Number of protein chains: 2
Amino acid sequence: MALLGHKEKILIFLAKRNALSESVETSTLELAKALKISQQTASRLLIQLEEEGYIVRRRYGKVRRVKLTERGLRELLDVYLTLKGILERPIEVKLEGRVFTGLSEGAYYLQIPYYLRQFEEKLGFKPYPGTLNIRLMDRDSIMNRILLEKAADIRIEGFKDGKRTYGGAKCILAKLNDRETVAIVFIERTHYGEDVIEVVAPTCLRERLGLRDGDRVYVCVKLPSKNLYQVALRDYRA
Amino acid sequence: MALLGHKEKILIFLAKRNALSESVETSTLELAKALKISQQTASRLLIQLEEEGYIVRRRYGKVRRVKLTERGLRELLDVYLTLKGILERPIEVKLEGRVFTGLSEGAYYLQIPYYLRQFEEKLGFKPYPGTLNIRLMDRDSIMNRILLEKAADIRIEGFKDGKRTYGGAKCILAKLNDRETVAIVFIERTHYGEDVIEVVAPTCLRERLGLRDGDRVYVCVKLPSKNLYQVALRDYRA
DNA sequence: ATTACTATTTCCCGAGTAA
DNA sequence: TTTACTCGGGAAATAGTAA
């Protein structure tokens, strides 16, 4: 909370100590230590906060107590509700790119019954046997692709059949061009780079949308904000 | 949000415009107008925020775009979660005072079947026919009494019987001395002042706790924070 | 011990202006 | 048009210290 102003921090400090509902004993020195400011500054800020109507201070004999006023509560609530509105709304993550023709590997895998069954069950539709390959054009899309790969929560299991190992994948549902329900498939150990996504859908998207190589398309994923923040901060915290 | 620092406000401004998940076109002048600061200050603060790692700015040809970094998101989340912890925890509202003997009016009313039935149904216990009167000793308790009267959500209806009108009341459940489950009864048009509360309980509290006139007691109400803030701000907003 | 005044230093804002 | 530099004035922080 490095960017918060001292006054805001003081209100938060007091509120933490229950000064929303009762008068709380608080010395200027204590406050100063907690906020890493000088005792003098703490004193001045308390005076100002009282003048501005955010807190009330009273003496009970020698003991000095501080309580937030309704205005003080209001200040905290305003900030809280503003942030809540921003941080808890679902987030649209958008990937833009151009259609290109791949090696038809996707089509091959989609015909393997073990995969097909899983896709059908977990995606809620029977995928057309072929993937639409999209090469992402800008840095934001590529960043978002990396993010989405972490957020993708539909897991397709791999398997072995004695001869070889078939890898797994992760999917996430999305909209193509705001119209078509699709799933982005993140294949484990794909031979494509991070600038490519593969998309599956119930129908042949090329036919349905008249797409040709080089056409621009965009894919949107609506993520509950909680997921996104967990994903976005997972690495940051570590 | 008068107490927030400019930098915090900038992050919020950007986040509102979706700069958490994509790069957003933002000119320094626009930002300056929104935050009521000078264009120069806006420029300087953006530079600093970038140096400090809260945002990233890029040029796409002539267009300049800004996006929050994970650190920027983290800053907002930190503040949000801190405030959430404070503002959404249940709040204990405490009233302290001394027992005194009233006019036994409470006892009279509690014997009227129309009232008695309501108390029994709505409080979840059959009240001992008599109220414990408590005179509040300090300003905080009196303030909290006024607040609680507004927050009291158990409504006892009044009635007429041809001869006269019997007034209504509002109650709220509480703990006396952290032990006894009681209800504070706020009688409409009481003849007591705002420094008095009346309490009912399943048993005779004076006997059970060995209370005499002048003994100190305290009554605690645990309020879901939402209720409290609605009540606390109802007047303030108006 | 605790608060808060005064003096000094540091930092921040915004005007002017260049690129 | 937009960004961002320099610089002067003023606000804010701390030190010293009184009450």
Side-chain angles (χ1 to χ4, degrees), chain A residues 1-14 16-19 22-69 72 75 79 139-140, chain B residues 1-14 17-19 22-69 72 75 79 139:
Chain A
M1 310 206 297
L3 298 188
L4 280 184
H6 291 324
K7 287 185 184 176
E8 199 79 36
K9 281 189 192 164
I10 289 179
L11 292 188
I12 290 174
F13 176 82
L14 293 172
K16 262 189 194 161
R17 309 193 18 169
N18 221 29
E22 57 175 333
S23 288
V24 170
E25 211 173 317
T26 316
S27 81
T28 53
L29 193 63
E30 205 182 347
L31 193 57
K33 278 180 187 162
L35 304 204
K36 297 181 182 173
I37 55 179
S38 67
Q39 174 273 322
Q40 293 87 334
T41 298
S43 171
R44 185 173 42 79
L45 293 179
L46 283 177
I47 291 168
Q48 288 175 8
L49 281 170
E50 184 161 31
E51 283 170 357
E52 294 160 0
Y54 294 100
I55 62 172
V56 181
R57 295 191 295 167
R58 278 209 295 290
R59 283 190 196 162
Y60 297 83
K62 286 192 180 178
V63 181
R64 293 150 216 271
R65 290 174 171 277
V66 184
K67 186 177 188 300
L68 265 68
T69 62
E75 170 72 18
V79 175
R139 218 161 106 181
D140 278 358
Chain B
M1 309 205 298
L3 298 188
L4 279 185
H6 291 323
K7 287 185 184 175
E8 200 78 36
K9 281 188 192 166
I10 289 179
L11 292 189
I12 290 174
F13 175 83
L14 293 171
R17 310 194 18 169
N18 221 28
E22 57 175 334
S23 288
V24 170
E25 211 175 315
T26 316
S27 80
T28 53
L29 194 62
E30 204 183 346
L31 193 58
K33 279 180 187 162
L35 302 203
K36 297 182 182 174
I37 54 178
S38 68
Q39 174 273 322
Q40 292 89 331
T41 298
S43 171
R44 185 171 41 78
L45 292 178
L46 283 177
I47 291 169
Q48 288 174 9
L49 281 170
E50 185 160 30
E51 283 171 358
E52 293 160 1
Y54 293 99
I55 61 171
V56 181
R57 294 190 295 169
R58 279 210 292 300
R59 283 190 196 162
Y60 295 83
K62 286 192 179 178
V63 183
R64 293 151 216 269
R65 292 175 169 275
V66 184
K67 185 177 189 299
L68 265 69
T69 61
E75 171 72 18
V79 175
R139 218 161 104 181

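All values derive from a computational prediction rather than experimental measurement.
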Q.
Using the side chain to side chain donor-acceptor pair (under 3.5 Å) criterion, which residues pair with Gln39(A)? Sequence neighbours excluded.
A. Thr28(A)

Restricting to nitrogen or oxygen on both sides, can you table the protein-nucleotides 3-8 of chain C pairs closer than 3.5 Å?
residue, atom, partner, partner atom, Å
dT3(C), OP1, Thr28(A), N, 3.4
dT3(C), OP2, Thr28(A), N, 2.9
dT3(C), OP2, Thr28(A), OG1, 2.3
dA4(C), OP2, Arg57(A), NH1, 3.3
dA4(C), N7, Gln39(A), NE2, 2.9
dA4(C), N6, Gln39(A), OE1, 2.8

Q. Got a sec, which pairs hit salt bridge (charged side-chain N to carboxylate O under 4.0 Å, His left out) with one end in residues 27-43 of chain B, sequence neighbours left out?
A. Arg17(B)-Glu30(B)

Q) Could you give the CD-to-P distance, from Glu50(B) to dA4(D), as a whole number of Å? A) 9 Å

Q: Could you pull out all residues at least two apart from Ser43(A) that satisfy side chain to side chain donor-acceptor pair (under 3.5 Å)?
A: none

Q: State whether the side chain of Glu75(B) and the backbone N or O of Leu3(A) hold a donor-acceptor pair below 3.5 Å, judged by distance alone.
A: yes

**Q.** Distance, rounded to the nearest Å, where Leu35(B) contributes CG and dC13(C) contributes P
**A.** 11 Å

Q) Glu52(A) CD to dA12(D) P: how many Å, rounded? A) 9 Å

Q) Whole Å only: how far is the CZ atom of Arg58(B) from the P atom of dT3(D)? A) 16 Å

Q) Lys36(A) has an atom NZ; how far is it from atom C1' of dA13(D), in whole Å? A) 17 Å

Q | Nucleotide dC11(C), atom P - distance to NZ of Lys7(B) in whole Å | A | 12 Å

(Q) Let me test you: for the helix from dT2(C)-dA19(D) to dA19(C)-dT2(D), what is the angle between the axes at its two ends (five pairs each), rounded to 10 degrees? (A) 40°

(Q) I'd like to check the side chain to side chain donor-acceptor pair (under 3.5 Å) partners of Asp140(A); sequence neighbours left out, ordered by chain and number. (A) Ser23(B), Arg58(B)

(Q) Under the rule for side chain to side chain donor-acceptor pair (under 3.5 Å), what residues qualify as partners of Glu52(A), not counting sequence neighbours? (A) Lys7(A)

Q. Got a sec, which residues hit side chain to side chain contact (heavy atoms under 4.5 Å, CB included) with Thr41(A), two or more places apart in sequence or on another chain?
A. Ile37(A), Ser38(A), Arg44(A), Leu45(A)

Q. Within this structure, what is the CZ-to-P distance between Arg44(B) and dT6(D), rounded to whole angstrom?
A. 13 Å

Q: Using salt bridge (charged side-chain N to carboxylate O under 4.0 Å, His left out) as the criterion, list what pairs up with Glu50(B), not counting sequence neighbours.
A: Arg57(B)

**Q.** Value in whole Å for how far the C1' atom of dA13(D) lies from CG of Leu45(A)
**A.** 9 Å

